[in-house]
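Step one of this worksheet: look at the structure below.
Letters A, B, ... are given to chains in the order of the sequence lines, protein chains preceding strands, and every chain is numbered from 1.
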There are 2 protein chains.
Amino acid sequence: MSPRTKQQFEELRKDRRQAILNAALTVFANSGYHSASVSMIAKEADVSKGLMYNYFPSKEAVLLTLVNDLFDHVVELLRITPGEVLTRERFIELIDLQIDIAVKEPQRWKLYMSLAFQPEVTPLLMETMLPKVTPFMMSMSQYFHAKGYEDPVAAMRYFSASLDGVQMHALLDPDNFPVEKVKQMVIMQFA
Amino acid sequence: MSPRTKQQFEELRKDRRQAILNAALTVFANSGYHSASVSMIAKEADVSKGLMYNYFPSKEAVLLTLVNDLFDHVVELLRITPGEVLTRERFIELIDLQIDIAVKEPQRWKLYMSLAFQPEVTPLLMETMLPKVTPFMMSMSQYFHAKGYEDPVAAMRYFSASLDGVQMHALLDPDNFPVEKVKQMVIMQFA
DNA sequence: ATCCTTTGACTGAACGGTCGGTCAATAAAA
DNA sequence: TTTTATTGACCGACCGTTCAGTCAAAGGAT
């Protein structure tokens with residue numbers, strides 16, 4: 001009744017699935033979500049177009065999977081526990097990690113940034129993003145509160161806006177943007 | 001032997017052209033450049049699809065015109081003269097103006113931001129942008145140099161990254177982002 | 001007044017091409 | 001034979017773009 005074992009199939013599917021995701025990330029990051037075609041992704045993944053639809057129900061589903069994986073990756077990297085109280089060292093480490101993500105994984109981060117202003121995907125983006133970043137936000141404003149800022153929430157918003165700006169510029173001009181120096185300035189200012 | 005006068009035609013064309021540009025800005029800002037179709041723009045402008053091509057050679061040309069107009073608008077608003085030496089008041093005014101652009105003209109600025117990560121248009125964008133923003137950059141780093149920063153260029157890059165981040169967040173969450181408070185914090189920090 | 005000619009803005013059907021998505025047929029393994 | 005991954009021809013929809021033709025307006029001629 002069963003040719004290959006369930007396990008064999010599962011492993012096969014897992015690998016193929018990942019190959020497709022990797023290819024999609026590359027193509028999306030290089031061409032942008034809308035300009036990237038399913039055929040391009042299939043070719044990049046060395047797979048037929050049809051097979052894509054055996055693994056994902058739609059092009060959009062591929063995108064959402066990628067974004068979800070990205071957020072999970074970030075959460076795991078930062079290891080923020082809800083309600084965590086930040087020491088100065090921890091705060092500095094978080095700045096360091098956050099900026100490094102953009103530098104070390106430009107593809108993933110470019111994709112994420114490029115979606116921020118694509119109105120038809122932004123709601124879906126926010127939906128999966130918000131619950132995962134709120135603990136981070138909370139700890140941040142708590143940190144600023146402890147530092148004596150009169151409006152910790154505003155400080156937190158300014159801080160995270162600055163961080164995003166730095167990531168953005170680091171991505172758009174990776175050869176000239178002085179990441180390390182800027183990182184030090186961010187730390188000087190906020191920590 | 002003569003139909004409408006030259007002048008009549010010119011005025012007519014000027015109005016229609018602007019109507020098309022306004023419609024295009026709306027549609028581009030709401031749907032993003034790639035998702036927006038020429039038909040959508042035509043409908044928004046109350047004009048036939050064909051007429052669009054009487055006024056602009058291509059969809060891309062419409063976009064480039066919009067972007068160019070935006071930059072001219074910004075240059076005129078900031079009134080930076082090449083080589084200008086900034087006083088503290090002037091520097092503060094520039095911060096104020098820059099952030100206000102994003103708040104007061106969200107459509108235009110959203111469009112501009114959404115293009116930053118659309119790889120096939122970015123080169124064209126940079127081409128028309130760079131010569132117009134370099135005077136600004138120069139004056140900035142000169143200001144930081146005068147303030148005694150040891151690396152004025154890095155400071156300038158950090159500063160403009162922060163500004164972009166603030167504009168970005170102000171656009172993405174206009175209802176909750178505390179623009180005025182953040183503006184004061186930017187001034188406190190950099191001026 | 002009435003025609004007639006000339007102009008260029010304007011329309012909408014149509015074009016070649018590409019898109020996301022489907023599906024019948026096949027390959028391969030047990 | 002059964003099961004499941006895999007293929008690529010194929011579909012309808014829509015894309016940006018083109019173009020043959022329509023139309024209102026204005027002035028000269030009658």
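The environment of M129(B) atom CE is dense: over 12 non-hydrogen atoms of other residues, nucleotides or ligands sit within 6.0 angstrom.
The nucleotide whose nearest atom lies closest to any side-chain atom of N54(A) is, among dA9(C), dT6(D), dT11(C), dT6(D).
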Polar atom pairs between nucleotides 18-21 of chain C and protein, under 3.5 Å, N or O only, would you list them?
residue: dG20(C); atom: OP1; partner: A36(A); partner atom: O; Å: 3.2
residue: dG20(C); atom: OP1; partner: K59(A); partner atom: NZ; Å: 2.7
residue: dG20(C); atom: OP2; partner: V38(A); partner atom: N; Å: 2.8
residue: dG20(C); atom: N7; partner: K49(A); partner atom: NZ; Å: 3.2
residue: dG20(C); atom: O6; partner: K49(A); partner atom: NZ; Å: 3.4
residue: dG21(C); atom: OP2; partner: Y53(A); partner atom: OH; Å: 2.7
residue: dG21(C); atom: OP2; partner: K59(A); partner atom: N; Å: 2.9
residue: dG21(C); atom: O5'; partner: Y53(A); partner atom: OH; Å: 3.4
residue: dG21(C); atom: N7; partner: K49(A); partner atom: NZ; Å: 3.4
residue: dG21(C); atom: O6; partner: K49(A); partner atom: NZ; Å: 2.3

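Atom C1' of nucleotide dT3(D) and atom CZ of R13(A) are separated by 13 Å, given to the nearest angstrom. Whole-Å rounding puts the Y55(A) OH to dT7(D) C1' distance at 13 Å. Rounded to whole Å, the distance from NZ on K43(B) to C1' on dG12(C) is 13 Å. As a whole-Å value, the separation of R17(B) CZ from dA9(C) P is 13 Å. In this entry the distance linking CG of L63(B) with P of dG16(D) reads 12 Å, nearest Å. Going from atom CD1 of I20(B) over to atom P of dT17(D) covers 14 Å, rounded to whole Å. In this entry the distance linking CE of M52(A) with P of dG8(D) reads 15 Å, nearest Å. Counting to the nearest Å, the C1' atom of dA9(C) and the CG atom of D15(B) are 13 Å from each other.
In terms of modelled atom types and a separation under 3.5 Å, the side chain of S31(A) and the main chain of F28(A) share no donor-acceptor contact. Although no hydrogens or angles enter the test, the distance criterion places a donor-acceptor pair under 3.5 Å between the side chain of K147(A) and the main chain of A191(A).
Relative orientation of the F190(B) and F159(B) rings is perpendicular, given thresholds of 30° and 60° on the angle between their planes.
A donor-acceptor contact closer than 3.5 angstrom links the side chains of E120(B) and S35(A).
In this view, T87(A) and E89(A), R90(A) satisfy the side chain to side chain contact (heavy atoms under 4.5 Å, CB included) rule, not counting sequence neighbours.
Comparing G50(A) and D46(B) along DNA chain C, the residue whose closest nucleotide (by nearest heavy atom) sits nearer the 5' end is D46(B).
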